[in-house]
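Inspection log for the structure reproduced underneath, given as structure tokens.
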Amino acid sequence: MRGSASVRTSLWFVALAVVCVFFADLTISAHDPWGELARLFSGLVTPDFTQSDYLVEALIRTLAFAFVGVGLGAISGFLLAMVFGSRIVRTFCAFIRAIHELFWALIFLQFFGLHPLTGVLAIAIPYAGVFGKVYAEILEETDPQPRETLPYGTGSVIALLYTRVSQAWPQLVTYTSYRLECGLRSSAVLGFVGMPTLGFYLESAFAQGHYSVVGALLLLFYVLITTLRLWVRPKLVPLYLIAAPFLLGSGLPIRWQNVTRFFTEDIVPAPLRNGDGWEALGPWLMELLSSEALPGIWNTLVLTQIALVLTGVLTLLLYPIGSRHFTNRLTGPLGHTVLVVLRSTPEYLLAFILLQLWGPSMLPAVIALAVHNSGIIGHLIGRRSNDHTLRPDAPSGLERYTYELTPRLYGPFLAFLFYRWEIIMRETAILGILGIATLGFYVDSAIQEIRFDRAMVLIVITALLNIGVDILARWLRARLRLKHTAQSEP
């Protein structure tokens, strides 16, 4: 019964995505897309590491922003997890994590400028919301029995540390390590808004047609992600956290009057700021909704739905290369490497590259979102398949895939896919900064026009849209009895 419900739900999602295709712009408009792709591939296989000065600087800055941002996010998230039972705290965490790091960066750029604080807060704030939710979930799943063995009068903080935190410590460490990998991707992408991380140098190299330098930067980033577990050792983490703030670089001094003006004037709706009164606020909001918000929401939903279903299709095709039931000693490491590359490439970065190759349309965004997220879920499902023991006479090849493993894994597959739904929505919105007409496009346009009041309204709408999708996804997981929590991520 549950299986048939999952299949019916899947078919509804596929049908909706097919309908969305007719409303999406998926054309390739570049003059010579395949020639450009060939030149990019040539650069990837012939990387130029001679630009050692800024290659090293790009990596150091990327690491520094990731460690400081994730470190602050983890500490703040742990404190929020302590009081996560409060509805106010849960709502606060949901709101701040629903706003993408690049949106936070665009906000802080307006009054901090290209100061390291901009990049650090852009990562730390949404990550605090994520850590708060996930840490709370991990702690809730621990055994409450040890609490009863403590002496009467033991403080709540001491009790928490000695009972729940001690039990959950391995899971907390594992999840924090995964978020560090995410932080490296976020840090790299911050370069596209001017922060001195890998994305900044990558964009510059791409604009100049230096594809060999692009190849060198990408290969270094992949090596950094792949070897994460080798050099991020528990004993070394404190050293990294101490050193990272000194490696962020410097920026122009912060002018705090700009901060005050931003919050007291710039983001105040124009009718109120100009003295037109509250009666003028309604028409102003209606004009903003009709001309920008509603078209942005529509395109965001269309693109998200197509990307979500394509992610699911690619995941079902990719998970066997990460499963011991379909690979051997030779193909296993190769499949693992492919999945690492796919999940390590930030959606924003891949969409940027594909836009340069294929021209402006939704197609680069759809492919980028599907490739990245299928790499993540494919890795998870492949790892989950390794927990299954097949009978000695189990079929091999296509029959093993079709009849033995995929039916057993379909529930976890849908659970992971619905969990990534809200994340895909966040990424879809932010890809508008690249010129695709999602909500991020209108946010970026408003900021470029110095209309911060309109930008903030659109950012809040984006956050509410993401929260709505997250609620819907959790409802579907509960209805289909799909067991999955955020800490199940790699």
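Just so you know, these numbers come straight off a predicted model, no measurement behind them. What you see below is based on every heavy atom in this structure, not just the backbone, and it leaves out hydrogens, waters and symmetry mates. This chain uses plain numbering: 1 for the first residue, then up along the sequence.
Taking the six-membered ring for Trp, Phe416 and Tyr419 have ring centres at least 6.0 Å apart. Between Phe206 and Phe352, a ring centre-to-centre spacing shorter than 6.0 Å is recorded.
Around CD of Gln208, the count of heavy atoms belonging to other residues, nucleotides or ligands within 6.0 Å exceeds 12. Within 6.0 Å of CZ on Phe200 lie no more than 12 heavy atoms contributed by other residues, nucleotides or ligands. Other residues, nucleotides and ligands contribute at most 12 non-hydrogen atoms within 6.0 Å of the CZ atom of Phe92. Within 6.0 Å of CH2 on Trp12 lie no more than 12 heavy atoms contributed by other residues, nucleotides or ligands.
Side-chain contact check for Leu414 versus Ser10: some heavy-atom pair is nearer than 4.5 Å. Leu465 is listed as a side-chain neighbour of Leu301, based on a closest heavy-atom distance under 4.5 Å. The shortest side-chain heavy-atom distance between Glu404 and Arg391 falls under the 4.5 Å cut-off. In this structure, the side chains of Arg408 and Arg384 stay at 4.5 Å or more apart for every pair of heavy atoms. The side-chain heavy atoms of Cys182 and Tyr127, taken from C-beta on, include a pair separated by under 4.5 Å. Counting heavy atoms from C-beta on, the side chains of Leu190 and Ile123 come closer than 4.5 Å. Here the side chains of Ile430 and Glu347 are not in contact, with every heavy-atom distance at 4.5 Å or above.
Under the ring pair (Phe, Tyr, Trp, His ring centres under 6.0 Å) test applied with Phe418, the options Phe13, Trp475, Phe413 reduce to a single match, Phe13.
Residues Ala205 and Val214 approach most closely at CB-CG2, 3.9 Å, considering heavy atoms. The minimum heavy-atom distance between Gly322 and Asn386, with the atom names listed, is O-ND2, 3.8 Å. Closest non-hydrogen pair, Ala17 versus Ile306, comes out as O-CG1, 3.9 Å. Taking all atoms of both residues into account, the shortest heavy-atom contact from Ala216 to Asp48 is CB-O, 3.2 Å. Considering every non-hydrogen atom in both Val302 and Cys20, the closest pair reads CG1-O, 3.6 Å.
Residues Thr438 and Thr428 have side chains that never bring a donor and an acceptor to within less than 3.5 angstrom of each other. In this structure, a donor-acceptor pair under 3.5 Å is present between the side chains of Tyr135 and Thr176.
The pair Arg229-Glu181 fails the salt-bridge criterion, with no side-chain N (NZ, NE, NH1 or NH2) lying under 4.0 Å from an Asp/Glu carboxylate O.
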